[in-house]
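Worksheet for the structure shown next.
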There are 2 protein chains.
Amino acid sequence: MRIAQYSSKNRMLVAVDCIIFGFDGTELKLLLIKRGFEPEKGRWSLAGGLMKRDENIDLAASRVLKELTGLENVYMEQLYIFGEVERDPVDRTLSVVYSSLIDINRYTQQINQDYHAEWFPLKKLPSLIFDHRDMVALAQQKLRYKAAFHPIVFEMLPEKFTLPQLQHLYEGIFDTLMDKRNFSRKVLSTGLLVKQKDKEKATSKRGAFYYKLDKRKYQTKFNAFLNFIPNPDSIR
Amino acid sequence: MRIAQYSSKNRMLVAVDCIIFGFDGTELKLLLIKRGFEPEKGRWSLAGGLMKRDENIDLAASRVLKELTGLENVYMEQLYIFGEVERDPVDRTLSVVYSSLIDINRYTQQINQDYHAEWFPLKKLPSLIFDHRDMVALAQQKLRYKAAFHPIVFEMLPEKFTLPQLQHLYEGIFDTLMDKRNFSRKVLSTGLLVKQKDKEKATSKRGAFYYKLDKRKYQTKFNAFLNFIPNPDSIR
DNA sequence: ACAAAAGTGTTCGAATTACACCCATGG
DNA sequence: CCATGGGTGTAATTCGAACACTTTTGT
């Protein structure tokens, strides 16, 4: 009876779609590609493609991202699987969504002219195909949730970064403003940041000291919960 | 080029597996079924089955759970997709894992003799097929994470429950002991509990007052983060 | 009368918030 | 010399942790 279900009539296609959040030191952005094939050719979408039958899901996500944007070796994690029956009009297709956080400036070389990929400010996204807008909304929600408790967003910063940059990033994620005195006290109290001797001088005359992440401590303290949200009600 | 990938050679099977956590007032348990078909017939496994091609994923999970355990209308949420290439020896099969929290006593009628389903204490699980042990470990981790910040675990309690029961549940989830004075102060301070006039008299001579969840407030306050973990280091 | 679980308050230290001024520098 | 953003300290409050005794009642 049940073993009969190990039959092929229920096989289906599985896609991966990659949500790439990026931070340029000021603003939170999302990487989109201009879809190069039908249906919906020419419209903006997440970097996505079909997973192969003999391919691990995580590797499929990396491959698709590489093929469509040129990005390689970026931090990615599985977010959710979307499976409404009618979500892709051509064929029954599930989509496993991956989410990623990167430092935009670190990867400008990789995202070159060969790819029709472009960064869009999170607040000014174009319309997206299928259910991609829902995917982005879910990813944003999860990013907030994680950022509220973990120092994970260091994935989106350069090797060296300043406290004002870090604060701008958190403000972007939560769409709120924070007090810089309280912010620096809290973030420094984690003991995860190492102050550098040099300064970032591009955005201010005085310059802001660089910090680096103490990666050893970061690994072990990952589960030490931080509470970065100034006030739950202020999150929009 | 790329449209050629909208071909059928990459179709694959997709299963759903259901992790059912239950609480009986004292102990955290997991619902397992004796697998009724090859391979691995006769061994214990999560309630799982293949998803149909014309079926929504969430509905597939509900259907499979109903078919294998008799359970209906339980709170379920998608946890993760497992997709190692060799995870199922018979055929390439992804598994979408769902996780669920229920009040064991409320559903004893539904889980009847027709089904080879059985509750196992979380600390004394039998060996499980395929990667099901990994699935359980991940679900447990996520349950802790959520329970640490949300009053979500009310899904696992009866309509009326006592503070000692609620505390035992949290102690089961975190495998730790909590101070009942601090616990009750914290949980009552949420304003989500409504004290009842009657008492539960089965487990003590004096009896413990019942409480009910204020569902209106629960809906709106769901995102008010609670911090139930006594001390992050004490979580094993 | 006693065993067993329920219920309740206080004190202390830590963390969080609100808030305002001086600093360094490039122009 | 001044405009711009960087950097720091303190007081008031809230929150979390530790801790022990009294109440109720079935046996």
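Letters A, B, ... mirror the listed sequences (proteins, then strands); counts begin at 1.
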Distances for protein N/O vs nucleotides 23-27 of chain C N/O pairs under 3.5 angstrom?
from: C:dC23; atom 1: O2; to: A:Arg206; atom 2: NH1; distance (Å): 2.7
from: C:dA24; atom 1: O4'; to: A:Arg206; atom 2: NE; distance (Å): 3.4
from: C:dT25; atom 1: O3'; to: A:Lys205; atom 2: O; distance (Å): 3.4

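- Rounded to whole angstrom, the span from the CZ atom of B:Phe209 across to the P atom of C:dA5 amounts to 19 Å.
- One N or O on the side chain of B:Ser62 and one on the backbone of B:Asp58 form a donor-acceptor pair closer than 3.5 Å.
- Rounded to a whole Å, the CZ atom of B:Phe183 is 16 Å from the C1' atom of C:dA5.
- Here D:dC19 presents its P atom at 14 Å from CG of B:Leu177, a figure rounded to the nearest Å.
- Residues forming a ring pair (Phe, Tyr, Trp, His ring centres under 6.0 Å) with B:Tyr107 (at least two apart in sequence, or on another chain): none.
- The distance between atom CD of B:Gln165 and atom C1' of C:dG7, rounded to the nearest whole Å, is 16 Å.
- Rounded to an integer number of Å, the gap from CD of B:Glu171 to C1' of C:dA5 is 14 Å.
- The environment of NZ in A:Lys199 is crowded: more than 12 heavy-atom neighbours from other residues, nucleotides or ligands sit within 6.0 Å.
- Proximity of A:Phe130 to A:Ser45: side-chain heavy atoms (C-beta onward) are nowhere separated by under 4.5 Å.
- Between the A:Gln78 side chain and the B:Tyr80 main chain, no donor and acceptor come within less than 3.5 Å of each other.
- B:Lys29 and B:Glu118 are not joined by a salt bridge, as no carboxylate oxygen comes within less than 4.0 angstrom of a charged side-chain nitrogen.
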Give the intermediate values and the outcome of ring-ring contact (aromatic ring centres under 6.0 Å, His included) for residues B:Phe21 and B:Phe23.
-> CA-CA 7 Å; B:Phe21 290 112; B:Phe23 184 62; over 10 Å; no

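- The distance between atom OH of B:Tyr210 and atom C1' of C:dG7, rounded to the nearest whole Å, is 17 Å.
- When heavy atoms are screened at a 4.0 angstrom cut-off, A:Thr203 is found touching the sugar-phosphate backbone but no base atom.
- Counting to the nearest Å, the P atom of C:dT17 and the CE atom of A:Met178 are 10 Å from each other.
- Ring orientation note: the planes of B:Tyr145 and A:Tyr145 are tilted relative to one another, at an angle of 30° to 60°.
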Extract from the structure each pairing of a protein N or O with an N or O of nucleotides 8-10 of chain C at less than 3.5 Å, listing the distance.
from: C:dG9; atom 1: O6; to: B:Arg185; atom 2: NH2; distance (Å): 3.3
from: C:dT10; atom 1: O4; to: B:Arg185; atom 2: NH2; distance (Å): 3.1

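- Using a 4.0 Å cut-off between charged nitrogen and carboxylate oxygen, A:Glu77 and A:Lys146 count as a salt-bridge pair.
- Atom CG in B:Leu166 sits about 12 Å away from atom P in C:dG7, given to the nearest Å.
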